[in-house]
Number of protein chains: 2
Amino acid sequence: MPELDAIDRKILSYLQNDSRLTMQELADKVGLSVSPCHRRVKLLEERGVISRYIATVDQKALGLHVSVFISIKLARQKEEDLNRFARAISKWDEVLECYLMTGNRDYLLRVVAADLASYETFLKTKLTRLDGIASIESSFALSQVKYSIALPV
Amino acid sequence: MPELDAIDRKILSYLQNDSRLTMQELADKVGLSVSPCHRRVKLLEERGVISRYIATVDQKALGLHVSVFISIKLARQKEEDLNRFARAISKWDEVLECYLMTGNRDYLLRVVAADLASYETFLKTKLTRLDGIASIESSFALSQVKYSIALPV
DNA sequence: GCCGATATTGGGATATTTTACCAATCGAAA
DNA sequence: TTTCGATTGGTAAAATATCCCAATATCGGC
């Protein structure tokens with residue numbers, strides 16, 4: 001796999017912030033003409049460096065006022081148990097992020113909900129119904145100080 | 001502000017997953033013709049429901065193998081202290097997310113780095129140089145089980 | 001249930017943008 | 001300098017977005 005050169009990195013950093021730039025605009029910003037710029041973008045897509053193009057939606061506009069971090073410990077940590085948990089989590093739209101962690105908890109989840117009532121519903125009808133969970137601890141976010149998808153390039 | 005109807009929500013859910021759909025494709029999926037579909041998308045953009053269009057980049061492809069969650073307590077929690085912290089955090093590209101939390105910590109950060117050495121550099125040259133921090137606790141993610149930007153609509 | 005006012009839709013024409021092709025240029029090694 | 005491979009830039013064709021206007025649907029009051 002070929003390395004990313006300075007121009008590739010520039011392209012990535014611009015597209016991470018605005019994927020609606022036209023090829024002409026992007027080419028100007030990175031100092032190329034349209035053709036080679038277009039070819040580089042296509043290559044980055046084919047190699048999977050650029051994985052998708054998406055629209056970001058305002059959480060408040062959707063009425064999702066609650067963000068919760070949930071620490072979870074499983075009763076057992078065999079691969080089979082971890083996989084079963086991962087499969088269940090992946091199905092639920094409320095769970096935006098889930099990480100397998102080091103230290104004294106197994107998983108860390110970020111969950112969004114409209115309000116406390118619907119978060120409670122999520123807990124009661126989904127999370128706590130899973131087998132093999134030893135403990136659940138919720139921490140609520142008062143506000144989102146920073147939220148970015150743009151990786152440092 | 002007008003409510004989002006079923007078609008608006010369909011539009012959002014498709015565009016959250018793939019913003020490169022053509023208007024024709026999107027219109028077919030939501031059951032409209034191109035014109036009204038296009039008008040709805042533009043309105044969603046103007047109202048700020050759709051906030052941006054971005055490319056997502058593969059973290060591994062950039063060599064960012066370390067994801068860390070950092071819990072931070074400040075020495076004082078006056079508004080002035082919180083603002084100063086927020087401003088500093090916002091400048092740093094390594095910090096992808098930052099939340100003001102309830103409970104026994106003040107902030108929760110998600111940080112990415114190439115490896116443990118560069119994470120250590122981040123800590124030493126940036127985070128620990130901030131005034132007013134009472135405690136820092138890092139938890140490392142072993143793997144990303146789920147990562148989505150698509151809010152439930 | 002009917003009517004009018006208002007908002008929403010669909011089709012078609014036009015402007016923009018993407019995409020593919022090919023010749024020109026650049027860079028490295030002999 | 002010469003040659004080879006990779007990268008670039010321009011151009012033209014195809015695909016797509018965007019705008020306008022007439023037709024249709026929706027919702028209020030009567």
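Residue numbers start from 1 in every chain, and the chains themselves are labelled A, B, ... in the order their sequence lines are given, proteins ahead of strands.
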Any base atoms under 4.0 Å from A/Arg40, or only sugar-phosphate, or nothing? Heavy atoms, all strands. sugar-phosphate
Using a cut-off of less than 4.0 Å, is there contact between a side-chain N or O of B/Ser33 and OP1 or OP2 of C/dG10? yes
Within this structure, what is the CZ-to-C1' distance between A/Arg39 and C/dA23, rounded to whole angstrom? 15 Å
Spacing between B/Lys42 atom NZ and C/dT8 atom P, to the nearest angstrom: 18 Å
Rounded to whole Å, CG of A/Leu21 lies from C1' of C/dT18 at a distance of 14 Å
What's the closest nucleotide to the B/Ser35 side chain, out of D/dT8, D/dC19, D/dT18? D/dC19
Please name the pair of heavy atoms, one in B/Leu151 and one in A/Gln59, separated by the smallest distance, quoted to 0.1 Å. CD1-CA, 3.6 Å
Let me know the distance between CD of A/Gln24 and P of C/dA15, rounded to the nearest Å. 19 Å
To the nearest angstrom, how far is A/Asp5 atom CG from C/dC26 atom C1'? 15 Å
Contact check, side chains of A/Val95 and A/Phe122, non-hydrogen atoms, under 4.5 Å: yes
With distance as the sole test, does A/Glu137 use its side chain to make a donor-acceptor pair with the main-chain N or O of A/Ser71 at under 3.5 Å? no
Where is the tightest heavy-atom contact between A/Ile50 and B/Ala55, given as atom of each residue plus distance? CG2-CB, 4.1 Å
For atom CE of A/Met23 and atom P of D/dA17, their distance in whole Å: 14 Å
If you check every side-chain atom of A/Leu32, which of C/dT17, C/dT9, D/dG9 has the closest atom? D/dG9
Side-chain N or O of B/His38 versus OP1/OP2 of D/dA17: is the shortest distance under 4.0 Å? no
Can you tell me how far C1' of C/dC26 sits from CD1 of A/Ile7, to the nearest Å? 13 Å
In whole angstroms, how far is the P atom of D/dC19 from the CG atom of B/Leu43? 12 Å
